[in-house]
Number of protein chains: 2
Amino acid sequence: MHLKTIDMTAPRARTLVPVDVTTIQERVYQSIRLGLLRGEFLPGEQVTIRGLAEVLGTSAMPVREAVARLIAEHAIEQSGPRTLRVAPYHATEHQNYIRIRMQLEGYAAERAASAPKNPALIDALRRHNDDIAEALNVKDFDAALAGNQAFHFELYRAAGYPQILDIISSLWLRTGPIVASARRDEALFTRLFKTGIRIHGNAIDAVAQRDRAAARHAINLDIRSSHLAIRRFSQR
Amino acid sequence: MHLKTIDMTAPRARTLVPVDVTTIQERVYQSIRLGLLRGEFLPGEQVTIRGLAEVLGTSAMPVREAVARLIAEHAIEQSGPRTLRVAPYHATEHQNYIRIRMQLEGYAAERAASAPKNPALIDALRRHNDDIAEALNVKDFDAALAGNQAFHFELYRAAGYPQILDIISSLWLRTGPIVASARRDEALFTRLFKTGIRIHGNAIDAVAQRDRAAARHAINLDIRSSHLAIRRFSQR
DNA sequence: ATATGATATATGTGATCTCATAAATCATAA
DNA sequence: TTATGATTTATGAGATCACATATATCATAT
């Protein structure tokens, strides 16, 4: 075949770009994960492998393995011998997760505040916080949730531990659907995030001044206050 | 069928006992998990689904899902498009895990020390610690590892958070093969655990006196000192 | 009217087969 | 001698089929 004599390394305008080589399973996993964080599932909602496969336009096989991974993260649980559901809300269990999150996210915030000064980080955090405020003004609750998540993960990423980010994001997978379900109460949701914006401001100041204790305290306050609001919502 | 007229609720000597209803997948998962904690795999060792299936006497299917769960826990990773291996040792990554463990296990120890006095717990902890010493005397390193694990998890269980136990045990899944691999150096291993026994003693005293700070400190010291020893071993 | 059994349906689990391809080996040509 | 292409082998990924059984519905008998 004579085509092989073409020199692909010659300096020509090549527009070829790497193709997506991720497996279907991986994309299914990310898709369900995102759906959980966005609150597209209710806590306790039943799901089926075949059902998810149909919605996602694939077969059962990749969904099975993606679900196995989500079960390992306790985002999905087996409520019976042949039934799967999104992790439901249980007050005491949720409170335990909140305490664990305070330990880990508080530590990550502390480390982020200990890192060398990083004006770009401060700018990014302010921008995410402004995004939340803007989203609330136009009642775009999806965007508010996304902005809140972006703020927190931007901060934790600055701690410089990819490993702690993984664990935290797996914890958010469990509390995410619960926070997101609070969207049903507009007033509560707005109040919740208004408070959050204020506390985020304190966290940003703490990081800007490299005040570790204040950063940890602000993040812990943020987690605790949103937990208390949600608890009141979920228990009535 | 006339048998159905027998009254099974009558007070007779029934010896029937519930049968094992767990799935093969679950047993495969537990089996691999235990193997990792026992150090039956080396860090970075390649594994195959078919290979594991054969060793475990089952087909590929249950192994695939069990492996998917272990991948979600970062105990096994995909090093290439079609290759699986036990998570390898990387110094900085491992150090990050150590720091995370200090946060979580320190917190769990603190909570255990805050709980009401529990003489049975103290006894159990002392017993586990004695088991380690005894195992070292007869150079039974498997038993020493098991005793160490039993000690830590007995303590953390007393914190009263099933959720934190899950996360910690998933972290041990990653550091476990590394600690276990230190068995190859008898002298190091013995020294490592001799030190551990002493520090465990401090931890037990702290819990007995309900001294939260001391309990956290002892556990953190235990984690850090074993980390430092392992690091010296792994890096030469 | 209630409880028990039969039936139908849905669903996770497991086994098996196929396929694309990564890795290794070997052959060939410049 | 070296580099390139062909060949073989192993392996994860995906599809499909079969199966046991949980759940719900309905029928029947007491």
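Note on naming: letters A, B, ... go to the chains in the order of the sequence lines (proteins, then strands), and numbering restarts at 1 for each one.
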A.B. asks: Whether the Tyr29(A) and Arg33(A) side chains hold a donor-acceptor pair (N or O, under 3.5 Å, no angle test) is what I'd like checked.
C.D. replies: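 Present: a donor and an acceptor within the cut-off.
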A.B. asks: If you assign Thr83(A) and Ala60(A) each to the DNA chain D nucleotide with the nearest heavy atom, which residue ends up on the more 5' nucleotide?
C.D. replies: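 By nearest-heavy-atom nucleotide position, the 5'-most residue is Ala60(A).
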A.B. asks: Starting from P on dT16(C), measure out to CD1 on Ile49(B) and report it in whole angstrom.
C.D. replies: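 About 16 Å, once rounded to whole Å.
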A.B. asks: Nearest to the side chain of Thr23(B), which nucleotide is it out of dT11(D), dG14(D), dT13(C)?
C.D. replies: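 When the side chain of Thr23(B) is considered, dT13(C) is the closest of dT11(D), dG14(D), dT13(C).
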A.B. asks: Nearest to the side chain of Ser59(B), which nucleotide is it out of dG14(D), dG12(D), dA15(C)?
C.D. replies: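 The closest nucleotide is dA15(C).
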A.B. asks: Between Glu26(B) and Arg69(B), does any NZ, NE, NH1 or NH2 come within less than 4.0 Å of an OD or OE carboxylate oxygen?
C.D. replies: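 Glu26(B) and Arg69(B): salt-bridged.
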A.B. asks: Describe the nucleic acid contact of Val63(A) in one word from base, sugar-phosphate, nothing, applying a heavy-atom distance below 4.0 Å.
C.D. replies: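 Nothing, no heavy atom under 4.0 Å.
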A.B. asks: Under 4.0 Å between a Lys/Arg side-chain N and an Asp/Glu carboxylate O for Arg85(B) and Glu45(B)?
C.D. replies: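 A salt bridge is absent here (no side-chain N lies under 4.0 Å from a carboxylate O).
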A.B. asks: Specify the separation, in whole Å, of atom CZ of Arg27(A) and atom C1' of dG14(D).
C.D. replies: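 Taking atom C1' of dG14(D) as the reference, CZ of Arg27(A) is at 12 Å.
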A.B. asks: Quick one: the side chain of Arg64(B) and the base of dG12(D), do they pair up donor-acceptor inside 3.5 Å?
C.D. replies: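 For Arg64(B), whose side chain was compared with the base of dG12(D), there is no donor-acceptor pair (under 3.5 Å).
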A.B. asks: Between His227(A) and His94(A), does the ring centroid distance fall short of 6.0 Å?
C.D. replies: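 Yes.
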A.B. asks: Quick one: Leu52(B) CG to dT11(D) P, roughly how many Å, whole number?
C.D. replies: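 Roughly 11 Å, once rounded to whole Å.
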A.B. asks: With heavy atoms under 4.0 Å as the rule, sort Val28(B) into base, sugar-phosphate or nothing.
C.D. replies: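 Contact class for Val28(B): none.
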A.B. asks: Just compare dG14(D), dA20(D), dG12(D) and give me whichever is closest to any side-chain atom of Gln78(B).
C.D. replies: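 Ranking dG14(D), dA20(D), dG12(D) by closest atom to the Gln78(B) side chain puts dG12(D) first.
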A.B. asks: Counting side-chain heavy atoms from CB outward, which of dA13(D), dA15(C), dG12(D) is closest to Thr58(B)?
C.D. replies: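 Comparing dA13(D), dA15(C), dG12(D) against the side chain of Thr58(B), the answer is dA15(C).
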A.B. asks: What nucleotide among dT16(C), dG12(C), dT13(C) has an atom nearest to a side-chain atom of Met61(B)?
C.D. replies: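 Closest nucleotide among those given: dT16(C).
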